Amino acid sequence: MAHKPISPVTYGFIYVLLLLLTALTVYLATQGHLGVWEIPVALGIATAKTVLVGLYFMHLIHSNRLTILIVLAGVLFLVIMVMLTLTDYWTRSWLTSPQVSGAPSITQPLRAGHGSSGDGRS
Amino acid sequence: MSPSATHTHDEHALVAHHFENLEQQRGANLLGMWLFLSSEVLFFGGIFTAYAMMRFSSTNNGFALGSSQLNAVVGGINTAVLLTSSLTMALAVWAAQTKHRRLLQLFLSLTLAFGLAFLVFKGFEWYHEYEVSLVPGPTFGSKLAEKGDGTVIPAETVKTMQMFFVFYFSITGLHALHMVVGLAVLAVQLVLCLQSDFGVRDYGPIEVFGLYWHFVDVVWIYVFPLLYLMRA
Amino acid sequence: MTTVAVEPRPQPFEPRSIKRADYLNISYGVRSWLLTLDHKRIAILYLISISIFFFVGGVFAAVVRLELATPKGDLLQSDTYNKMFTLHGVVMLFFFLIPAIPATLGNFLVPLMIGAKDLAFPRLNLMSWYVFMIAGMFGIYTMLAGGVDTGWTFYTPLSPKYANSQVMTAALAALIAGFSSILTGLNFMVTIHKMRAPGLTWFRLPLFVWSQYATSLIQILGTPVLAVTILLVAAERMLHIGIFDPALGGDPVLFQHLFWFYSHPAVYIMILPAMGVISELVTTFAKKVIFGYSFIAFSSVAIAVLGFLVWGHHMFVSSQSPYAGLIFSFLSMLVAIPSAIKVFNWTATLWRGSVSWDTPMLYAFGFIGLFTIGGLTGLFLACLATDVHLTHTYFVVAHFHYIMVGGAIMAYLGGLHYWWPKITGRMYPEFWAKFAAIIIFVGFNLTFFPQFVLGYQGMPRRYHEYPAEFQVLNVMSTAGASILAVGYIIPAVYFIWSMKYAKVAGRNPWGATGLEWSTTSPPPADNFEKTPIVSLPPYIYSKEEATVVP
Ligand SMILES: [Cu+2]
C-alpha cells in the first residue's frame with residue numbers, strides 16, 4: 001500500500017521467467033518421457049509460476065502477514081479437502097473382504113462396468 | 001458525509017462515509033478481494049479434487065488418452081497470451097500508482113485485448129473438439145477411430161475419456177466464465193479511465209481488480225498442466 | 001461508494017426535547033428500506049425474511065409430525081411425505097438456520113460491538129439480502145411447482161438421475177443462498193479486521209464477535225465447494241453427462257465427500273454464532289466477567305478449523321473406505337474438545353455470579369443443557385461402531401435437532417430477546433416471554449427426546465409409516481411438536497405487539513457492558529454520536545475485575 005511500486009523492469013523479468021517455465025513444462029510433457037515424475041514435475045512448475053505471479057504481480061512480497069495468512073488458509077483448506085478425500089480413495093482397495101461368490105466387493109464401490117476382480121488400483 | 005479530522009482535503013471526496021480515511025478504505029477493499037479469492041480457491045478446488053479422485057481411482061488409461069487429444073502447444077501459446085495479459089495488468093496498476101494516465105489507458109486496453117485473444121483461441125479449441133466428437137454425450141468418440149492408428153479403444157476406456165472431457169469442459173468453461181466477468185469489469189474501468197481521471201486519482205479500484213485478473217491467470221496456470229500435460 | 005440513501009447526520013441544533021433521530025425514524029417509506037445501506041435496517045430485512053421462512057419450514061414439519069402420529073401412512077402418500085421432509089430440511093437449513101444469527105443479530109451487532117459506523121461494504125450487504133431473496137424465489141417456485149423429494153442432501157444418483165421432482169430449482173436455491181452467505185461472511189471478516197474502534201484490540205472484542213469471525217471463515221472457505229458441487233449435479237441432470245453416475249463411470253460417493261466438506265462445517269455456521277450469543281448472555285446475567293475468555297475465543301476458531309476435518313462421519317456406511325472412516329471417526333472426537341471447553345467455561349462463569357432469571361438467561365440455560373445432550377449424542381454417532389447401528393435412524397434426527405433447535409434456535413431466541421430493546425427501543429412483556437421460553441423448552445424435549453429412544457430401538461428416518469410398537473413414542477413426539485409450535489407463535493405475537501405498546505427500554509436495560517449498550521436505543525443511523533474509544537477488556541462488571549484483568 002504505502003510501499004514503493006514494483007518497477008516495470010521487475011515485472012518484465014518475472015514475465016520472461018514465466019514464459020520460460022511455460023515453455024519448459026510444454027517441452028517436458030511432449031518430449032520429456034518423465035514417467036511417474038510427469039505429474040509432480042508439471043504441478044511443481046505450475047506452483048513455481050503461481051508463486052511468481054503471487055509474489056510480484058499480486059504484490060504479496062510487500063503484503064502484510066494477514067494477506068499471506070488468508071492465502072495460506074485457502075491453500076490449507078484445499079489441501080485438507082484433497083488429502084482427506086484421498087484417504088478414502090487410496091485405502092479402498094486395502095481391505096479384501098470375505099467374498100461371497102457373486103456379491104460385489106466392498107472395495108469397489110459402485111463403479112459400473114467394472115469387473116469384480118477386486119484388485120483395485122495399485 | 002461527516003468529515004473526520006483524519007481526512008486530508010483531497011481524500012475527502014474519495015472516502016465513503018463509514019471509513020476514517022483512504023488508507024483504511026483501500027486496506028478493506030484489498031482484504032475483501034483477497035478473501036473472495038481464497039473463496040474462489042475452494043470453488044475451483046472442489047472440481048480439481050473431483051478430477052484428482054476420479055483420475056486416481058480410474059482403472060484404465062482413459063484420462064491420459066483424453067489429455068493427449070488436446071494440443072499442448074496450442075494450450076501453451078494460450079497460456080503465454082494469458083500471462084501477457086497479466087503482465088499488462090500489473091503494468092496498468094503500476095501506471096495508476098505512478099499517476100501515468102496515458103499509460104494506464106494503454107495497459108488496460110492491452111489487457112483487454114489479450115484477454116479477448118485468449119477467449120477467441122479457447123473458442124477455436126472448443127470448436128475443434130466439437131468437430132472431432134470429443135464433446136461428451138451420445139455421440140462422444142464417434143470419430144475417434146478415423147484418427148487413430150487403427151487400434152480400437154475399449155468401450156470402458158472411451159467412457160473414462162468422456163469423463164475426462166466432462167472435466168475439461170466444466171473446468172475450462174468455469175474459467176472462461178471468470179474471464180468474461182473479468183473482461184466486463186475491465187471494460188467498465190477502461191471506459192471510466194478514458195472519460196475521467198479514474199484510476200490515477202485513486203489507484204485502489206485498479207489494484208483490487210488486478211488481483212482478480214491475476215487470480216484467473218493462476219487458475220489457468222494449474223488448469224493447463226492438469227488437463228493438457230498429463231499424458232502418461 | 002458515494003452517498004448513502006439514509007443521510008446519517010444528526011440534527012445540528014441537537015434538540016434533545018424533540019424526538020431524536022434514530023435509524024428507524026430517520027426516513028420513511030418502502031424505498032428507504034429496500035434501498036437502505038444501513039446494516040441495522042438490512043438486519044431487519046433479513047429478520048422479516050427468515051421469520052417467514054421459519055414459519056414455512058415449520059408448516060412442513062407440522063405435516064411430517066401429523067403423518068407420524070399414526071403408524072399407517074394415512075395422511076400422505078409416501079412420495080408426498082418425501083417432499084415434506086425434504087422441503088422442511090431445505091427451508092430450515094438454507095433459508096433459516098444458516099442466515100439466522102449472522103445475517104440478523106450479527107448484521108445488527110457486529111458494527112455496534114466494534115464501534116464502527118457500518119460494515120465495511122454496505123452495498124455488498126444489501127446485495128447479499130437481494131441474492132438471498134432471489135434464492136428464496138427459487139425455493140418458493142420449487143414448492144409451488146410440485147416440491148422436491150431427494151432429501152435436503154441431494155444425494156446422487158437420485159438427484160441427477162432418478163428423482164422426477166423440482167431438483168434443479170431446489171439445488172439452485174441452495175446454491176444462490178450460498179452466495180449470499182459468502183458475501184455476509186466476507187463483509188464481517190473485513191469489518192472485524194479493519195473497522196475496530198481505537199483501543200479495541202483482538203482480546204478486547206466481545207466473544208460474539210469472535211464467534212462471528214470464526215463463522216465467516218467457514219462461510220468463505222466452505223460454501224464455494226457446495227456451489228461447484230451443485231453445478232456438477234446440475235450438469236449431470238440436464239445434460240446426462242457427468243461424474244457421479246456409476247453408469248457413466250462415475251462415483252456417487254464422490255458427491256458425498258464434496259457435499260459434506262461444506263455441509264458438516266455448515267452445522268458450525270449455525271452453532272458457532274449461537275455459542276457467541278450464549279457467551280454474551282451468560283456474563284450479562286451472571287454480572288460477572290467471563291471465565292476463560294481466551295479459551296472461548298480460540299475454541300471458536302478451533303471449531304471452525306477442526307470442523308473441516310470430520311465430514312466423513314456422515315459416510316461411515318456409504319462404502320467409503322473403512323480406513324478413512326477410522327480417521328474421520330478419530331478426528332470427529334477432537335471437535336468435542338473445543339465445544340466442551342465452552343460449556344465448562346459458561347458454567348464456571350455462573351459460579352459465584354449474581355445470576356438473574358430474565359428471559360434471555362432462561363434461553364441460555366436451555367441452550368447449555370440441550371446443546372450438551374446434542375453434543376454428547378453426537379459422539380455416539382462419530383464413533384464408527386455405534387454409528388453403524390444408529391445411522392439413518394431417528395437417533396440421528398434427534399441428535400441434530402438437539403443441536404439445531406435446542407442449540408441454535410434457543411440461542412437465536414435468547415439473543416433476540418436480549419437485543420430486542422436495542423433493536424426496537426422497547427422491552428418485551430416479561431411474563432409472556434418467560435411463559436413462552438418454558439413452553440418451548442418443555443415442547444422441545446417432549447418432541448425430540450422420544451426420538452432418541454425410537455432411533456435406538458431401530459426406527460429408520462424418512463419413512464411415512466412404521467410398525468405399531470413405535471406409536472406411543474411417536475404420539476409423544478407429535479404432541480410435543482404442537483406445544484413447541486405454540487411456544488414459537490407466542491413470541492411472534494408479543495414482539496410485534498411490543499414495537500408499539502411495550503415499555504421504552506433506554507440505553508442499557510440489562511446493565512450490560514459492551515459498546516452496543518453505550519449508544520441510544522434504537523441507535524442513530526451512524527451508530528454512535530462519536531467514535532468510542534476502548535480502554536478495557538469486555539465484561540468488566542466490578543472494580544476488582546477491572547484490576548485483575550490486564
Ligand atoms: Cu457432521
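Letters A, B, ... are given to chains in the order of the sequence lines, protein chains preceding strands, and every chain is numbered from 1. Remember, predicted model here, so these are calculated numbers, not experimental data.
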Undergrad: What residue, out of B/L211, B/V41, B/L83, has the most heavy-atom pairs lying under 4.5 Å from chain A?
TA: B/L83
Undergrad: Among B/S38, B/A90, B/A155, B/G210, single out the residue with the greatest number of heavy-atom pairs under 4.5 Å to chain A.
TA: B/A90
Undergrad: If you apply the rule ring pair (Phe, Tyr, Trp, His ring centres under 6.0 Å), what do you find for B/Y51 with B/F63, and how did you get there?
TA: CA-CA 10 Å; B/Y51 172 78; B/F63 273 88; 5.8 Å; yes
Undergrad: Sort B/A52 into side chain, backbone, both or neither according to what part of it lies under 4.5 angstrom from a heavy atom of chain A.
TA: neither
Undergrad: Is the closest side-chain donor-acceptor distance between B/K122 and B/T172 under 3.5 Å?
TA: no
Undergrad: Do you know which of A/I14, A/D88, A/T47, A/T30 has the most heavy-atom pairs with chain B at a distance under 4.5 angstrom?
TA: A/T47
Undergrad: Please classify the contact between A/L66 and chain B as side chain, backbone, both or neither, with a heavy-atom cut-off of under 4.5 Å.
TA: side chain
Undergrad: With respect to chain B, which residue among A/V75, A/L34, A/L43 yields the maximal number of heavy-atom pairs within a distance under 4.5 Å?
TA: A/L43
Undergrad: Would you please indicate if the ring centroids of A/Y11 and A/F57 are separated by under 6.0 Å?
TA: yes
Undergrad: Checking heavy atoms, do the side chain of B/L37, its backbone, both or neither come under 4.5 Å from chain A?
TA: side chain
Undergrad: What about B/Y168 and B/F165, are their ring centers closer than 6.0 Å?
TA: yes
Undergrad: Tell me which of these, B/M53, B/E40, B/M230, has more heavy-atom pairs under 4.5 Å with chain A than the rest.
TA: B/M53
Undergrad: Give a yes-or-no answer on whether the side chains of B/S85 and B/T88 include a donor-acceptor pair shorter than 3.5 Å.
TA: no
Undergrad: For the pair B/D197 and B/K99, evaluate salt bridge (charged side-chain N to carboxylate O under 4.0 Å, His left out) and give the outcome as yes or no after the intermediate values.
TA: CA-CA 9 Å; B/D197 62 347; B/K99 302 195 185 299; over 6 Å; no
Undergrad: For each of A/L19, A/L86, A/L28, tally heavy-atom pairs with chain B at distances under 4.5 Å, and name the one with the top tally.
TA: A/L86
Undergrad: Considering only heavy atoms, which portion of A/T25 lies under 4.5 Å from any heavy atom of chain B: side chain, backbone, both, or neither?
TA: both
Undergrad: Shorter than 4.5 Å, heavy atoms on both sides: which option in A/G74, A/A42, A/A29, A/A46 has the most such pairs with chain B?
TA: A/A46
Undergrad: Check whether A/V82 gets within reach of chain B through its side chain, its backbone, both or neither, counting any heavy atom under 4.5 Å.
TA: both
Undergrad: Heavy-atom distance under 4.5 Å to chain A: side chain of B/W34, backbone, both or neither?
TA: both
Undergrad: Just by distance, with hydrogens left out, do B/T49 and A/T85 show a side-chain donor and acceptor under 3.5 Å apart?
TA: no
Undergrad: Which heavy-atom pair separates B/N78 from B/E125 by the least distance, and what is that distance?
TA: ND2-OE1, 4.0 Å
Undergrad: Please say whether the positively charged group of B/R55, taken as NZ for Lys or CZ for Arg, lies over the ring of A/Y89, i.e. under 6.0 angstrom from the six-membered ring centre and within 45 degrees of the axis.
TA: no
Undergrad: Is it the backbone or the side chain of B/T84 that comes under 4.5 Å from a heavy atom of chain A, or both, or neither?
TA: both
Undergrad: Would you please indicate if the ring centroids of B/H214 and A/Y56 are separated by under 6.0 Å?
TA: no
Undergrad: Given heavy-atom pairs under 4.5 angstrom as the criterion, report whether the side chain, backbone, both or neither of B/T98 touches chain A.
TA: side chain
Undergrad: For a quick test of reading the model, state the closest non-hydrogen atom pair linking A/I68 to A/L60 and the distance between them.
TA: CD1-O, 3.8 Å
Undergrad: Sort out for me which of B/Y222, B/F224, B/W213, B/F215 touches chain A most, counting heavy-atom pairs under 4.5 Å.
TA: B/Y222
Undergrad: Could you check which of B/L35, B/L31, B/L42 has the highest count of heavy-atom pairs closer than 4.5 Å to chain A?
TA: B/L42
